[in-house]
Trainee: 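Please see the structure below; I have some questions.
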There are 2 protein chains.
Amino acid sequence: MKYSASKENYLKAVFHLQQAQGTVSTNALAAAMQTRAASVTDMLKKLKSQKLLQYERYKGVKLTAEGKRLAIHIVRKHRLWEYFLVDKLGFGWEEVHEMAEELEHISSKKLIDRLEEYLGFPDTDPHGDPIPDNQGRMRVSKAVQLQELPVRTTCIISHVGDQSAEIMELLNHLRLTIGTRLEVKRKFSFDQSLEVMLPDESLITISQHLSSNLFVKPEKNLALSGPES
Amino acid sequence: MKYSASKENYLKAVFHLQQAQGTVSTNALAAAMQTRAASVTDMLKKLKSQKLLQYERYKGVKLTAEGKRLAIHIVRKHRLWEYFLVDKLGFGWEEVHEMAEELEHISSKKLIDRLEEYLGFPDTDPHGDPIPDNQGRMRVSKAVQLQELPVRTTCIISHVGDQSAEIMELLNHLRLTIGTRLEVKRKFSFDQSLEVMLPDESLITISQHLSSNLFVKPEKNLALSGPES
DNA sequence: AAAATTTATTAGGCTTGCTTAAAATAGATT
DNA sequence: AATCTATTTTAAGCAAGCCTAATAAATTTT
């Protein structure tokens, strides 16, 4: 069965929102889809009648197994195309999101499987997000928010929560990319900002807003190993 | 300015039809678009109001300069994606048309220019049709219909007029591909069929219907050079 | 040239995905 | 518990792109 680009976008948005929230509200969806709550209610009824999600008036929404399967497949397409654009066509990781928003709706399953093979079965997209395999299995990322790390921890940036051009502009300016190694030096309780050290030993300050969007893999801290093994 | 996939498809269809016919009738368009004449009339009014084509009721239709520019750009995208699918992803030339019908509507101009570069600025798509450059210039093919060649001429298949799966099935069966060298051995006036010789010296018969869809580049006949140099 | 036929257009209606404005429900406040 | 407020739904309507049926114009036949 084929679904419209609009329906696919709703499924994808519910999928992403329910990662965080469990069940998704009409207003949250309207914000994510840049549309009005009334439009969302309309669409939820249609998607419910197609058994792609569970929906009770005034009670929010959750994907069914089938809805989730479809959503993951769209995420897979999005991330594989992003990888293609960066790795093969030489785009910057900050400029590929919009193009991938269109390419993710290309329907051929065979095409996306061949593309994955051509790209060498990459694990993650250029933003560090995991790429689901053709069975919908996604390697779970053990990344945590930079915000949550204690002082003196070393870590590596593994992905970026927000995908906006604005955050990309800031990250480029600070010379932060996927794979950059950081050490948390200080935390300021006043505004929850962090001071971190880059590989070249320079120090920069990161706002709470930014650090909550930076996901990192903690690195075993060689300098001081804690009490646990 | 961005146009819907449907509008782009109409422009492309008018472009292809007016190559042959000069001015295009409503019914011809309806057949090409697999829709009804009434729907075509509706759409022609919209495209006219956007100055993409010249249209007078009951008098058929022609693209304006701007409409033609857009149509060529869509053809460019279609053919570059086809080339990508065959050359990079390893699809057969007979299976890529449908996928390219979707991919041709991806809007980013930068993407298609980068893709062209990545592919090495190919001249023709896998069907032998010329790929317009990013200024819309198309290398004019000097190909003629196989049908029109005189007996004893040698030629090379350069492209295929029809893009259907049916013609592909037949060509695969006869082992005819772009680049195959042929010599016209006999012409039968009864049904306009041809007997041609393949590189392995085998002889096959080609119907008028097929030979009018096979475009060839005449090769200078080395065996017997005619009176003209 | 009138009649018959083909071709094209108009009229009215459907679905999808969106909108605004009004009404209903849920959740919070007193 | 009653009221207020925020959230959500319903109602009505619009544009795009399609449909069928009816009508009009052009073309062919007689």
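As a basis for the values below, the full set of heavy atoms in this structure was taken, side chains included, without hydrogen atoms, waters or symmetry mates. Here is the naming used below: chain letters follow the sequence lines, and residue numbers restart at 1 for every chain.
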Trainee: Base, sugar-phosphate alone, or nothing: which one does B:S39 contact when heavy atoms must sit under 4.0 Å apart?
Mentor: base
Trainee: For A:S6 and B:L44, find the nucleotide of DNA chain C closest to each by heavy atoms; which residue's nucleotide sits nearer the 5' end?
Mentor: B:L44
Trainee: Rounded to whole Å, please give me the gap between NE2 in A:H105 and P in C:dG17.
Mentor: 12 Å
Trainee: Regarding A:K59, tell me which of base, sugar-phosphate or nothing describes its non-hydrogen contacts under 4.0 Å with the strands shown.
Mentor: nothing
Trainee: Which is it for B:N27 and B:S25 under the side-chain hydrogen bond (donor to acceptor under 3.5 Å, both in side chains) test, yes or no, and what are the steps along the way?
Mentor: CA-CA 5 Å; B:N27 273 354; B:S25 73; over 6 Å; no
Trainee: What does B:Y3 touch in the nucleic acid at a heavy-atom separation under 4.0 angstrom: a base, only the sugar-phosphate, or nothing?
Mentor: nothing
Trainee: Report yes if at least one side-chain N or O of A:S4 is closer than 4.0 Å to OP1 or OP2 of C:dG17; otherwise report no.
Mentor: yes
Trainee: When we call it a touch if two heavy atoms are under 4.0 Å apart, what does B:K7 touch: a base, just sugar-phosphate, or nothing?
Mentor: sugar-phosphate
Trainee: Take A:Y10 and B:Y58, find for each the nucleotide of DNA chain C with the closest heavy atom, and name the residue whose nucleotide sits nearer the 5' end.
Mentor: B:Y58
Trainee: Do the rings of B:F84 and A:W81 sit parallel, tilted or perpendicular, given the 30° and 60° boundaries?
Mentor: tilted
Trainee: Any salt bridge linking B:E95 with A:K110? Criterion: basic side-chain nitrogen under 4.0 Å from a carboxylate oxygen.
Mentor: yes
Trainee: Salt bridge between B:K12 and B:E101, side-chain N to carboxylate O under 4.0 Å?
Mentor: yes
Trainee: Given side-chain hydrogen bond (donor to acceptor under 3.5 Å, both in side chains), test B:Q208 with B:S193 step by step and report yes or no.
Mentor: CA-CA 5 Å; B:Q208 192 271 334; B:S193 67; over 6 Å; no
Trainee: Would you kindly give the CG-to-C1' distance between A:D42 and C:dT15, to the nearest whole Å?
Mentor: 12 Å
Trainee: Tell me: CG of A:L47 to P of C:dT16, nearest whole Å?
Mentor: 11 Å
Trainee: Is the phosphate of C:dC18 approached by A:R36 (side-chain N or O, under 4.0 Å from OP1 or OP2)?
Mentor: no
Trainee: Indicate yes or no: does A:R76 engage A:E116 in a salt bridge with an N to O separation below 4.0 Å.
Mentor: yes
Trainee: Give me the first and last nucleotide of DNA chain D, going 5' to 3', that has any atom under 4.0 Å from a heavy atom of chain A.
Mentor: D:dT7 to D:dT10
Trainee: So does B:D113 pair up with B:K109, basic N to acidic O under 4.0 Å?
Mentor: yes
Trainee: What orientation do A:W93 and A:H127 show, parallel under 30°, tilted 30 to 60°, or perpendicular over 60°?
Mentor: tilted
Trainee: Would you call A:R79 and A:E104 a salt bridge, taking side-chain N to carboxylate O under 4.0 Å as the test?
Mentor: no
Trainee: Measure from CD on A:Q50 to P on C:dT15 and round the result to the nearest Å.
Mentor: 14 Å
Trainee: Please list, in numerical order, the residues of residues 15-30 of chain B that have a heavy atom closer than 4.0 Å to any atom of DNA chain C.
Mentor: B:S25, B:T26, B:N27
